[in-house]
There are 2 protein chains.
Amino acid sequence: MDIKTQNRLEAKARIIKAMAHPTRLFIVETLAKHEHCVCELTALIGADVSTVSKHLSILREVGIIDDEKRGSSVYYQLKMPCVMGFFSCVDTVIKANAQGQLKCIR
Amino acid sequence: MDIKTQNRLEAKARIIKAMAHPTRLFIVETLAKHEHCVCELTALIGADVSTVSKHLSILREVGIIDDEKRGSSVYYQLKMPCVMGFFSCVDTVIKANAQGQLKCIR
DNA sequence: CTCCTATTTGGCAATATCGCCAAATCGCCA
DNA sequence: TGGCGATTTGGCGATATTGCCAAATAGGAG
């Protein structure tokens, strides 16, 4: 594998890795409906605010979400809605796996 | 976040995490063209065979690729071609990030 | 049966990720 | 100006990932 390919794939992996966590998937799915401030997300997730803030910064750094300070809160919104379509393939894989399981049980 | 959502997102994250590595992205992209045996992939990647084998088993366990023993080799093929479409969104994010960078430089 | 090739598995050290607490910022309002 | 609520950052222990080597396993050829 040449250096150029290596760099391209590392950039790609960095973005995919940002989504490879249940809490961050929840954030993306929640922001897909509409924007939320950190305090709202924290309440929905049920983890420490600092934990949620770090998850948000991971998603922001790779350019998937965007933040906007308004009043005393920071509102986050989904910048790349295409990731939602991206997830449908993952659901397909899950469904296919379930089918495979069924076949084995029979 | 309720237990059911938690479980659903964990299953989703497991699959996404399997792709969140440069070498495994290379494997998926390479298998998208046509099947390859472990020795071919190892030569293309340039890592230890055992390392490549472990990457392959990670992708196989989440149901993205499939293996088939033929002769003395094990051939792997892409079981879920939809992941390729999945990647186009990631490329969109990378392009958008590059655009953003440009704006800052100007 | 025995050697040889292809692949997988075990194990280990280096590194990265995760989630919480505590502390630092930051803007706003009395 | 001082304090308050919202958010981010620093840091730490616990856990997970990564890649290599060595060893185990599996099949085919001689």
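Order of the sequence lines sets the chain letters (A, B, ...), proteins ahead of strands, with each chain counted from 1.
- The separation between Ile65(A) atom CD1 and dT7(D) atom P is 13 Å, rounded to whole Å.
- Using a 4.5 Å heavy-atom threshold, the side chains of Asp48(B) and Val52(B) count as separate.
- Tyr76(A) has a side-chain polar atom (N or O) that falls below the 4.0 Å cut-off from OP1 or OP2 of dT8(D).
- You'll find that the side chain of Ser73(A) is closest to dA6(D), out of dT8(D), dT8(C), dA6(D).
- By the 4.0 Å N-to-carboxylate-O rule, Lys12(A) lies close enough to Glu29(B) to be salt-bridged with it.
- A side-chain donor-acceptor contact under 3.5 Å links Thr42(A) to the backbone of Val38(A).
- As rounded to whole Å, 16 Å separates atom C1' of dA6(C) from atom CD of Glu68(B).
- Here the shortest heavy-atom pairing between Ile64(A) and Ala18(A) reads CD1-CB, 4.5 Å.
- Going from atom CG of Leu56(B) over to atom P of dG19(D) covers 13 Å, rounded to whole Å.
- Contact check on Glu35(A) versus Arg70(A) returns a salt bridge, with a Lys/Arg side-chain nitrogen under 4.0 Å from an Asp/Glu carboxylate oxygen.
- Atom CG in Asp67(A) sits roughly 15 Å away from atom C1' in dT9(D) (whole-Å rounding).
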Contact pattern, 5' to 3', of nucleotides 19-30 of chain C - B, S or - by protein heavy atom under 4.0 Å: SBBB--------
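- Without hydrogens or angle criteria, Thr30(B) side chain to Phe26(B) main chain gives a donor-acceptor distance under 3.5 Å.
- For Met19(B) and dT17(D), the CE to C1' distance is 17 Å, given to the nearest whole Å.
- For the pair Ile58(A) CD1 and dT7(D) C1', the interatomic distance rounds to 16 Å; values are reported in whole Å.
- Atom NE2 of His36(A) is separated from atom P of dT7(D) by 13 Å (rounded to the nearest Å).
- Distance CD1 (Ile27(A)) to C1' (dT7(D)): 14 Å, rounded to an integer number of Å.
- Between Val62(B) and Arg14(B), the closest heavy-atom pair is CG1-O, 3.9 Å.
- Across all strands shown, dT25(D) forms a Watson-Crick or G-U wobble pair, both distances under 3.5 Å, with dA6(C).
- Nucleic acid contact for Tyr75(A): none, since no nucleic acid atom lies under 4.0 Å from a heavy atom of the residue.
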